[in-house]
Amino acid sequence: MSELRELYQSVILDHNKSPRNRGELAGANRRAEGHNPLCGDHVIVMARVARDQIEAAAFDGRGCAISTASASLMTEAVRGRSAADLKQLFEDFHQLVTTGVAREDSELGKLEVFAGVHEFPLRVKCATLCWHALRAALEGGEPVSTE
Ligand code: ZN
């Protein structure tokens with residue numbers, strides 16, 4: 001295993017063990033749930049949105065290490081972003097986890113730790129579940145399923 005891979009792995013394990021922004025979000029005005037029946041992941045994503053900007057995001061629920069770490073890192077990464085920024089970030093993240101390569105000037109930053117997920121196609125749904133739920137939350141809060 002390369003050093004970079006080990007680093008990526010340790011970030012994911014850390015966020016699984018000590019998830020950031022987990023639990024209720026004060027003043028949340030957007031909320032949606034996501035299910036990934038293939039793995040059993042269940043995530044609830046909450047956001048506080050004002051003037052088209054995500055002021056804060058949080059999540060709750062149960063899932064595997066990848067889905068929990070992804071939700072934890074996502075809630076950190078989307079703070080302060082507009083809906084348009086979020087759409088681009090989600091597209092870039094989706095490309096990363098399906099191809100293992102980030103778009104050249106993407107703003108993924110720490111989210112690049114999920115590059116290795118592309119080697120495990122079933123895990124792509126674990127990594128993207130929270131993103132689908134956040135998008136649904138911003139668009140009106142319909143529950144989403146990866147199936
Ligand atoms: Zn999973």
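Atoms within a ligand are numbered from 1 in the order they appear, just like the ligands themselves. In this text the structure is predicted, and so the values were computed from the model without any measurement.
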Ion pair check, Arg30 and Glu139, cut-off under 4.0 Å | no

Practice item. Assess the side chains of Ser106 and Asp92: does a donor N or O sit below 3.5 Å from an acceptor N or O? Key: no

Only residue of Met46, Glu33, Arg31, His42 satisfying side-chain contact (heavy atoms from CB on, under 4.5 Å) with Asp60 is Met46

Salt-bridge contact Glu119-Arg5 (side-chain N to carboxylate O under 4.0 Å): yes

Worksheet item: With a 4.0 Å cut-off, would you call Glu55 and Arg79 a salt bridge?
Response: no

Report for the Zn ion (ligand 1), protein N, O or S closer than 2.8 Å, by chain and number, lists Cys39 SG, Asp41 OD1, Asp41 OD2, Cys64 SG, Cys126 SG

| field | SB check Asp85 Lys87 (cutoff 4.0 Å) | value | no

